[in-house]
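Below is one structure, written out as structure tokens; the observations come after it.
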Amino acid sequence: MDPPLPLAGQTALVTGAAQGLGYAAAARLAAEGARVALLDRDGERLGAAADALGAQGLTVLPHTVDLTDEEGVRAAVAAVLSAEGRIDVLVNNVGIYPHRPFEELTYAEWRHVFAVNLDSVFLCTHAVYPAMRERGYGRIVNVSSSTFFIGYPGLAAYIASKGGIIGFTRALASEAGPHGITVNAVTPGLIATEGVLGGEEAGLFDEIVPQQALPRRGEPDDIAECIAYLASPAAGFITGQTINVDGGHRFH
Ligand SMILES: NC(=O)c1ccc[n+]([C@@H]2O[C@H](COP(=O)([O-])OP(=O)(O)OC[C@H]3O[C@@H](n4cnc5c(N)ncnc54)[C@H](O)[C@@H]3O)[C@@H](O)[C@H]2O)c1
């Protein structure tokens, strides 16, 4: 008989799950046996993602929601908790990465980047946390970015928001640990997602890949693998950490 899947009987929630890293993470967690709630604002793409995963025999629960909308997030999380009775794993993945020279960056744009990248982490975690604390178990994995260690130009709002995620991860890890909840961050390097391939970063692979110790293009599954490990019961003595997954572009 095959051993039980590591996440059998568990429920996970992944934000920004209609494509890219969120989709890959959701697919991986579902393949490990979790029932996975997919949250994204793009209802059409989310439906297609849920259909594709469902066709593989995986159990997914799509919820269309703008992750900057407090009421929407609380309602989506409440719906998952009422249907499932539990959320064991939260993957705070949603994020946007617009490029703007600092002097052209408006306050409204700065606030929007923070709303999507950092406020969503607060809102989702705050909505999920009480149920994890009550059950004495939880795995929270936050998606930051390796750009935090480098500080590329044109990304002040993005990198500041991703640094905020690392600070949040450390502080909450200390507070949540006694309740059996781990909180970790992953910092992906340049990864070939739909968002990157369709944006200004698409041309960066030629420059960055040769600088990596592992000189190949980073793929969404490379990040999903790390997220799945941190989300597993096996990672129960790791918390407050930031794991860099960038093919050895930078060593920390
Ligand atoms: N791809 C990379 O190279 C890379 C590197 C480092 C970090 N990251 C981080 O990984 C995460 C995912 O990146 P990706 O490349 O997969 O992105 P992507 O653009 O391919 O996908 C992002 C998803 O988030 C959804 N989304 C955006 N704003 C939303 C909102 N307000 N409410 C709900 N859903 C929303 C989009 O509809 C989309 O499905 C981001 O946090 C990003 O900063 C990516």
Side-chain angles (χ1 to χ4, degrees), residues 13-28 37-50 52-53 62-73 75-77 90-99 109 111-124 141-152 155 157-166 168-169 185-205 207-209 212 217-224 226-227 242-247 249-250:
L13 187 155
V14 181
T15 71
Q19 66 175 35
L21 301 187
Y23 177 80
R28 186 73 164 72
L38 315 173
L39 273 56
D40 203 289
R41 71 172 170 199
D42 186 332
E44 206 172 309
R45 211 176 276 150
L46 188 61
L53 294 171
H63 289 269
T64 303
V65 60
D66 185 328
L67 289 149
T68 65
D69 170 18
E70 179 178 2
E71 292 306 314
V73 169
V77 170
L90 168 64
V91 180
N92 284 310
N93 162 78
V94 73
I96 54 173
Y97 30 87
H99 287 243
E109 288 166 336
R111 297 275 311 257
H112 182 60
V113 169
F114 268 73
V116 178
N117 293 6
L118 192 55
D119 293 5
S120 70
V121 175
F122 167 78
L123 292 175
C124 293
V141 184
N142 300 321
V143 178
S144 176
S145 167
S146 69
T147 59
F148 177 70
F149 303 115
I150 302 169
Y152 288 112
L155 286 173
Y158 177 72
I159 295 177
S161 71
K162 291 300 185 179
I165 287 179
I166 293 174
F168 174 76
T169 297
V186 176
T187 53
L190 185 62
I191 307 295
T193 62
E194 288 89 335
V196 160
L197 294 174
E200 293 179 56
E201 293 82 7
L204 290 175
F205 287 102
E207 180 189 328
I208 289 181
V209 167
Q212 296 170 188
R217 201 174 79 159
E219 300 294 339
D221 282 348
D222 293 316
I223 307 305
C226 183
I227 291 174
T242 298
I243 314 290
N244 192 39
V245 186
D246 70 349
H249 186 225
R250 290 287 191 279

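Counting starts at 1 for both ligands and their atoms, following the listed order. Worth knowing before you read on, the calculation uses all heavy atoms, side chains too, and leaves out hydrogens, waters and symmetry mates.
Close contacts of ligand 1 with K162, meaning ligand atoms under 4.0 Å from a residue heavy atom, involve 40 (C), 41 (O), 42 (C), 43 (O). Per-residue contacts place Y97 under 4.0 angstrom from the following atoms of ligand 1 (heavy atoms of the residue considered): 13 (O), 14 (P), 15 (O), 17 (O), 18 (P), 19 (O), 42 (C), 43 (O). Atoms of ligand 1 lying under 4.0 Å from any heavy atom of Q19, numbered from 1 in the order shown and given with element: 18 (P), 19 (O), 20 (O), 21 (O), 38 (C), 39 (O). With ligand atoms numbered from 1 in the order given, ligand 1 contributes 5 (C), 6 (C), 7 (C) to contacts under 4.0 Å with heavy atoms of P188. In summary, the atoms of ligand 1 found under 4.0 Å from a heavy atom of D66, numbered by their order in the structure, are 30 (C), 31 (N), 32 (N).
The closest protein non-hydrogen atom to atom 35 (C) of ligand 1 is V94 CG2, 3.4 Å. Atom 28 (N) of ligand 1 has R41 CZ, 3.4 Å as its closest protein atom, hydrogens excluded (heavy atom only). The nearest heavy-atom contact from the protein to atom 5 (C) of ligand 1 is G189 O, 3.1 Å. Scanning the protein heavy atoms around atom 32 (N) of ligand 1, the nearest turns out to be L67 N, 2.9 Å. In this structure, the protein non-hydrogen atom closest to atom 38 (C) of ligand 1 is D40 OD2, 3.5 Å. What sits closest to atom 9 (C) of ligand 1 on the protein, heavy atoms only, is V143 CG1, 3.7 Å. Here the heavy atom of the protein found nearest to atom 16 (O) of ligand 1 is L21 N, 2.8 Å.
Taking any N or O of G195, backbone or side chain, at least one lies under 3.5 Å from an N or O belonging to ligand 1. Residue I191 has at least one N or O atom closer than 3.5 Å to an N or O atom of ligand 1. An N or O contact shorter than 3.5 Å links T193 to ligand 1 by distance.
Closest heavy-atom approach to atom 1 (N) of ligand 1 among the candidates V196, N117, D246: V196. When the heavy atoms of V65, D69, N93 are ranked by distance to atom 11 (C) of ligand 1, first place goes to N93. Taking all heavy atoms of G20, A24, G22, G95 into account, the minimum distance to atom 22 (C) of ligand 1 is reached by G95.
Under the side chain to side chain donor-acceptor pair (under 3.5 Å) criterion, D222 pairs with R216, not counting sequence neighbours. F168 meets the ring pair (Phe, Tyr, Trp, His ring centres under 6.0 Å) test with no other residue; sequence neighbours excluded.
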T169 and N142: side-chain hydrogen bond (donor to acceptor under 3.5 Å, both in side chains), yes or no, with the steps?
CA-CA 7 Å; T169 297; N142 300 321; 3.0 Å; yes
Show your working on side-chain contact (heavy atoms from CB on, under 4.5 Å) between N117 and K162 and close with a plain yes or no.
CA-CA 7 Å; N117 293 6; K162 291 300 185 179; 4.2 Å; yes
Between E207 and L204, is the side-chain contact (heavy atoms from CB on, under 4.5 Å) condition met? List the steps.
CA-CA 5 Å; E207 180 189 328; L204 290 175; 3.8 Å; yes
Tell me, with the steps shown, if T193 and Y23 meet side-chain contact (heavy atoms from CB on, under 4.5 Å).
CA-CA 10 Å; T193 62; Y23 177 80; over 6 Å; no
Run the numbers on R41 and D69 for side-chain contact (heavy atoms from CB on, under 4.5 Å), then give the verdict.
CA-CA 10 Å; R41 71 172 170 199; D69 170 18; over 6 Å; no
